[in-house]
Peer 1: 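Quick one: this structure, given as C-alpha cells, is what I'll be asking you about.
Since the structure is predicted, the reported quantities are computational estimates derived from the model, not experimental observations.
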Amino acid sequence: LNPPGFVGDWAKFIADTAWFPQPELALGASLAFTATMLGRKIRDESDIRPNIYVAALGRTGIGKEHARKVIKMMFAQTGVDGFGAEKLSSRSAIERTISATPSCLYMIDEFGHYISSIMNPNSNSHLRDVSSMFLELYGSSSSKFFGTDKANSKENPRFEINQPSASIYGSSTKESFFGALTSEAVSSGTLNRFLIFDAPEERPPVNEAGIIGDIPLKLTNLVRTYNDMPIDPGAKGNITKLGI
C-alpha cells in the first residue's frame with residue numbers, strides 16, 4: 001500500500017487527510033489519477049498503456065468519497081486537464097468528454113447502481129451504449145478511436161482520437177457492485193477490466209485531519225511535470241523516466 005514515488009506519496013496524502021483513512025482505496029485512486037496524467041505519454045515495450053478502471057469498494061460511511069474530493073482539489077489547484085465527468089448518461093456524452101480531454105478520469109459515485117443501469121437490458125439504449133463505449137475505449141488506447149457516424153456528416157463530421165486514454169475511479173458498496181454484475185459482465189469483458197480495491201469492513205479510528213489546505217508543492221509540481229510531458233508514441237518502452 002506504500003509504493004515508492006508519486007503514486008505512493010499521493011496515496012499517502014489522500015489517506016492522511018481523510019477523517020477515516022482508507023489506504024486501499026487511496027492507492028486505487030492514486031493509480032487512476034496517475035494513469036490519467038501519463039495517458040497517451042507512457043507505454044511499455046509490449047504497447048500496454050497506463051489507462052485503468054478502478055472499483056473502490058467499501059461499506060456505507062467508511063469514507064469512500066474522500067479520494068474523489070482530493071483529486072478534484074488537485075485538478076483545481078494545478079489547473080491541469082484530465083477531469084472527465086462524474087455522471088455519464090449516453091455514448092454521445094462520453095464522446096464529447098473524451099474528444100475534449102483525450103486522457104481523462106471519470107469519477108463515478110454509487111458505481112454499483114450505475115453499472116446496474118447501463119447493463120440492464122430494460123434500460124434505454126442511450127444508457128446501454130455506455131457499457132460498450134467503455135469497452136471500446138479501453139481497447140483503443142494504443143490505436144485510433146472513431147466516434148459515431150452522424151446523419152449530417154458535413155455539418156457534424158465524425159471525430160477521430162489518437163490513442164484515447166480513459167480511466168475510471170468508481171466507488172460503491174460491495175453489495176451494490178457485485179449485485180449489479182451478471183454473467184454477461186464477465187463474458188463481455190466488463191468485469192475483467194476492473195482492478196478492485198476493497199476497504200476493510202471495520203471503520204478505522206477517526207483521524208482529526210481538519211480542513212485540507214493547499215496540496216504540497218512536491219505533489220503539484222510533479223503533476224504539472226507529467227501534464228507538460230510531450231506525446232511521443234513512436235518511442236520504445238517508457239518514453240520518459242521520471243521516477244513514477
Side-chain angles (χ1 to χ4, degrees), residues 1-42 50-58 61-87 97-98 100-111 165-172 195 197 199-200 203-231 238-244:
L1 298 177
N2 297 285
F6 175 80
V7 170
D9 291 344
W10 184 216
K12 185 176 186 303
F13 179 82
I14 294 172
D16 287 350
T17 54
W19 281 85
F20 300 110
Q22 296 291 350
E24 291 86 355
L25 305 190
L27 178 58
S30 179
L31 285 168
F33 177 82
T34 308
T36 304
M37 291 296 98
L38 299 180
R40 309 175 78 224
K41 300 171 182 177
I42 292 290
N51 60 303
I52 58 173
Y53 291 173
V54 170
L57 308 183
I62 209 164
K64 297 188 297 297
E65 71 287 341
H66 179 72
R68 294 195 314 277
K69 171 185 174 181
V70 180
I71 286 174
K72 285 187 280 188
M73 286 183 61
M74 178 67 91
F75 279 125
Q77 188 171 325
T78 58
V80 301
D81 292 330
F83 179 71
E86 292 185 281
K87 294 293 181 185
T97 55
I98 198 73
T101 311
S103 182
C104 66
L105 175 60
Y106 297 105
M107 295 190 291
I108 305 172
D109 192 17
E110 302 294 343
F111 193 56
S165 181
S167 293
I168 296 174
Y169 180 76
S171 56
S172 172
L195 301 177
F197 290 80
R203 189 162 67 179
V206 173
N207 171 35
E208 296 185 5
I211 298 173
I212 305 172
D214 289 340
I215 298 170
L217 281 175
K218 177 185 176 181
L219 297 175
T220 58
N221 285 343
L222 273 174
V223 167
R224 291 189 178 98
T225 298
Y226 299 154
N227 184 67
D228 293 341
M229 285 174 60
I231 297 175
N238 285 341
I239 295 166
T240 303
K241 294 184 178 181
L242 290 172
I244 60 169

Peer 1: Can any side-chain N or O of Ser30 pair as donor or acceptor with the backbone N or O of Val7 at less than 3.5 Å?
Peer 2: yes
Peer 1: With a 4.5 Å heavy-atom cut-off, do Thr36 and Tyr106 have their side chains touching?
Peer 2: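 No - every pair of side-chain heavy atoms lies 4.5 Å or more apart.
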Peer 1: Roughly how far apart are Leu222 CG and Asn227 CG, rounded to 0.5 Å?
Peer 2: 12.5 Å
Peer 1: Check the pair Trp10 / Val223 against side chain to side chain contact (heavy atoms under 4.5 Å, CB included), numbers first and verdict last.
Peer 2: CA-CA 10 Å; Trp10 184 216; Val223 167; over 6 Å; no
Peer 1: Could you state the interatomic distance from CD1 (Ile52) to CD1 (Ile168), rounded to the nearest 0.5 Å?
Peer 2: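 Rounded to the nearest 0.5 Å, the CD1-CD1 separation comes to 10.5 Å.
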Peer 1: Could you check whether any side-chain heavy atom of Ile98 comes within less than 4.5 Å of a side-chain heavy atom of Cys104, counting everything from C-beta outward?
Peer 2: yes
Peer 1: Is there a side-chain contact between Ser165 and Lys41 (heavy atoms, below 4.5 Å)?
Peer 2: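 With C-beta onward as the side chain, the pair stays apart.
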Peer 1: Just wondering, more than 12 heavy atoms not from Lys69 lying within 6.0 Å of its NZ?
Peer 2: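 Open.
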Peer 1: Should Leu195 and Tyr53 count as side-chain neighbours, where that means a heavy-atom distance under 4.5 Å?
Peer 2: no
Peer 1: Just by distance, do the side chain of Asn51 and the backbone of Gly39 share a donor-acceptor pair under 3.5 Å?
Peer 2: no
Peer 1: Taking C-beta and beyond as the side chain, do Leu25 and His66 meet within less than 4.5 Å on heavy atoms?
Peer 2: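 The answer is no, as the side chains (C-beta and beyond) never meet within the 4.5 Å cut-off.
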Peer 1: Say whether, by atom type as modelled, one donor and one acceptor occur between the side chain of Lys64 and the main chain of Ala56 under 3.5 angstrom.
Peer 2: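 No; judged by distance alone, with no hydrogens or angles, the pair does not exist.
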Peer 1: What pair of heavy atoms forms the shortest contact from Pro21 to Pro204, and how long is it?
Peer 2: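 Of all heavy-atom pairs spanning Pro21 and Pro204, the closest is O-CG, 3.2 Å.
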Peer 1: So, does Gln77 use its side chain to make a donor-acceptor pair with the main chain of Asp214 at under 3.5 Å?
Peer 2: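 Side chain of Gln77 to backbone of Asp214: no pair is present.
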Peer 1: Within a radius of less than 6.0 Å around CG of Asn221, do more than 12 heavy atoms belonging to other residues, nucleotides or ligands occur?
Peer 2: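 Counting neighbours around CG of Asn221, more than 12 heavy atoms of other residues, nucleotides or ligands fall under 6.0 Å, so yes.
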Peer 1: Output the distance between atom OG1 (Thr78) and atom CE (Met37), rounded to the nearest 0.5 Å.
Peer 2: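 So the OG1 of Thr78 and the CE of Met37 are separated by 7.0 Å.
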Peer 1: Between Asp109 and Ser171, do the side chains contain a donor N or O and an acceptor N or O under 3.5 Å apart?
Peer 2: yes
Peer 1: Kindly indicate whether the side chain of Ile14, heavy atoms from C-beta on, has any atom under 4.5 Å from the side chain of Leu27.
Peer 2: no
Peer 1: Please answer whether the main-chain N or O of Phe20 pairs with a side-chain N or O of Arg203 as donor and acceptor at a distance below 3.5 Å.
Peer 2: no
Peer 1: Could you tell me if the side chain of Gln22 sits less than 4.5 Å from the side chain of Pro200, heavy atoms only?
Peer 2: yes
Peer 1: Does some side-chain heavy atom of Tyr169 sit less than 4.5 Å from a side-chain heavy atom of Arg68?
Peer 2: yes
Peer 1: Give me the ring orientation class for Phe6 and Phe33: parallel if the planes are under 30° apart, tilted from 30 to 60°, perpendicular past 60°.
Peer 2: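 The arrangement is tilted - the two ring planes meet at 30° to 60°.
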